[in-house]
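For ligands, and for the atoms within them, numbers begin at 1 and follow the listed sequence.
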Amino acid sequence: MQTTNNLDSKMEQSKGRRLILCPLPFQGHINPMLELANILHAKGFSIAIIHTNFNTLNPSTRNPNFTYHSIPVDLTETEASTKDLTVVLSILNAKCVEPFRECLAELLSDGINSEYPIACLISDPLFNFTRSVAESFKLPTIILRTGCAASFAVYITFPLLKKKRLLTNTGSRLEEPVIELSPIKARDLPTMPNCDAEDLYQLITNMVNESKASYGLIFNTFEDLEGHALATIRQEYHPNIPIFPLGPFHKCGPTTSSSSSSLLAQDQSCISWLNAQAPKSVVYVSFGSMAKIDQAQFLEIAWGLANSGQPFLWVVRPGLVQGSDWLETLPDRFLKALNKRAHVVKWAPQKEVLAHPAIGAFWTHCGWNSTLEGICEGVPMICTPCFGDQMVNARYVSDVWKVGMQLEHGIERGEVERTIRRLMVEEEGEEIKDRALKLMEAANLCHKEGGSSCQFLDGLVQYALSL
Ligand code: UDX
């Protein structure tokens, strides 16, 4: 382990270096990238953020210590609202490449005479052009993969899964275990709504190839949580590409509200409502920034929650329910009849909510940020994965870490009500709650001196300075 003097001198060296970070412009990717920026800034690096004017970062919540460089991408309204995410990503990739090249050239030419020479680019592998552009300027790229290691281990197995015909037409084989990826079942393999299976395969292959061609791979996870999946990835990548599991990011860096990276305004009324609720009594429900449900599912959720008897805080993001603006499909007086047992908002201060003592369960879509945020606060989860990596995350929550339950048969009010009661009221939930608290302790220990994420962070600092 390093001595304090050693670390101080590393910090002194990093003070002379600059890092450029380039987040993919979606909430679930922006949050971890900016959290990582905070962590590296605290280690002495100067930080430049290249971001797009699509889903642009809110100027009032930007970190005053960073420089921000916006690149223009003219997505038409039709392009931006395309339902197939692989198409949106391919348009973004095509339209960002030249503005990114110009922006990087400018930053590098400014950097030549600057007191802060640029050490490397840290980018998202779904931006599939950033590494090769940086390489053309001889600038090394380290990749931040914002999902968990287990889902990445699934992605690197894609060629084999394709060969075994597990990526398409799995209809009758949904419950089949994928032997190489236990306890993953065929039904847990990544899918995307409204998207062609071959396009998804290509997107994932590109993402894996980008990370394999990079100088290193950072994950927002920690060894005690995902040691097995990390070992699988290391085996595939070793020894050329170092792997840095530095998470959970939001429990490491200085977390001030000024560095909040929320694209939507967070409704603070959640906190005063939670203050009036009994400890561990509230079900917090949120399906993240991208998932969509239909109107029938929306009503099943509403009735399931109401019938559970528990108070609930429900994030209904505008756009969550297909074909409706917000709450208009709820029956008349539905919320009034619940008499303050329900609080519904468009967007919540999620990390604060999950840390609130009134929260007793988190019904989540299992986006990786939400999953990790739930783990960090020891909140047991109910899982309704919707697409992409979420099914793998949910399987790990229910079957590996055993800190939650899945709604295995879709969203139906009776099952919702039963699952909430099983988790929050009945004895069955007790063991899950105990495990969730233990996992929370592990998540908080890994950043302490000598903890795995703390050590990997020092390793990353040294590595970035050596590039
Ligand atoms: C997307 C994909 O859906 C997910 O599978 C992938 O792992 C990352 O990208 P998203 O739907 O945005 O993620 O979910 P998630 O990863 O959970 O990120 C959502 C972020 O928004 C979290 O950091 C959460 O704290 C924040 N959030 C969510 C809020 O601040 N307020 C809310 O009301 C809801």
Report, in ascending order of atom number, the atoms of ligand 1 lying under 4.0 Å from any heavy atom of Gly28.
9 (O), 12 (O), 13 (O), 18 (O)
Give the C-alpha distance, both sets of side-chain angles, the deciding distance and a yes or no for side chain to side chain contact (heavy atoms under 4.5 Å, CB included) between Leu92 and Phe54.
CA-CA 9 Å; Leu92 263 177; Phe54 165 73; 4.1 Å; yes
Closest approach of any protein heavy atom to atom 20 (C) of ligand 1, naming residue and atom
Asn31 ND2, 3.6 Å
For Asn369, which part has a heavy atom under 4.0 Å from ligand 1: side chain, backbone, both, or neither?
both
Can a cation-pi geometry be assigned to Lys346 and Trp326, taking NZ or CZ under 6.0 Å from the six-membered ring centre and within 45° of the ring axis?
yes
Atoms of ligand 1, numbered as shown, that sit under 4.0 Å from any heavy atom of Gln27
21 (O)
Backbone or side chain, does any N or O of Ala348 fall under 3.5 Å from an N or O of ligand 1?
yes
Can you sort out which atoms of ligand 1 are near His29, meaning under 4.0 Å from one of its heavy atoms?
9 (O)
What do you reckon, does Arg317 put a non-hydrogen atom under 4.0 Å from ligand 1?
no
Pairs meeting criterion salt bridge (charged side-chain N to carboxylate O under 4.0 Å, His left out) with involvement of residues 304-323, two or more places apart:
none
Is the gap between the ring centers of Trp363 and Phe312 under 6.0 Å?
no
Taking the inter-plane angle between the rings of Phe334 and Trp303 on a 0 to 90° scale, is it parallel (under 30°), tilted (30 to 60°) or perpendicular (over 60°)?
perpendicular
Just jot down the ligand 1 atoms closer than 4.0 angstrom to any heavy atom of Trp368, in number order.
7 (O), 16 (O)
Less than 4.0 angstrom from a charged side-chain N to a carboxylate O is my criterion; do Arg422 and Glu415 meet it?
no
Which residue and heavy atom of the protein sit nearest atom 14 (O) of ligand 1, plus the separation
His365 NE2, 3.0 Å
Could you tell me which atoms of ligand 1, counted from 1 in the order shown, lie closer than 4.0 angstrom to a heavy atom of Gln390?
2 (C), 3 (O), 4 (C), 5 (O)
Hey, would you say the Tyr284 and Trp314 ring centroids sit under 6.0 Å apart?
no
Heavy atom under 4.0 Å from ligand 1: found in Ser286's side chain, backbone, both, or neither?
side chain
Compute the shortest N/O to N/O distance between Ser370 and ligand 1 and return yes if it is under 3.5 Å, no if not.
yes
Numbered in order shown, the ligand 1 atoms found under 4.0 Å of a heavy atom of Gln266 are 30 (O)
Suppose we measure from atom 12 (O) of ligand 1 to each protein heavy atom; which comes out shortest, and what is that distance?
Ser289 OG, 2.4 Å
Looking only at heavy atoms of Trp347, does any of them come nearer than 4.0 Å to an atom of ligand 1?
yes
Would you call Lys251 and Glu35 a salt bridge, using N to O less than 4.0 angstrom?
no
Electrostatic pair Glu226-Arg145, nearest N-O below 4.0 angstrom:
no
NZ/NE/NH1/NH2 to OD/OE distance under 4.0 Å, Glu176 and Lys185
no
Any ring pair (Phe, Tyr, Trp, His ring centres under 6.0 Å) pairs touching residues 206-228, not counting sequence neighbours?
Phe152-Phe219
Consider ligand 1: state whether an atom of it lies below 4.0 angstrom from any non-hydrogen atom of Thr146.
no
Polar atom proximity, Glu373 to ligand 1 (N or O, under 3.5 Å)
yes
Proximal ligand 1 atoms for Met290, defined as those under 4.0 Å from one of its heavy atoms
11 (O)
Ligand-side contact atoms (ligand 1) for residue partner Asp389, heavy atom cut-off under 4.0 Å
4 (C), 5 (O), 6 (C), 7 (O)
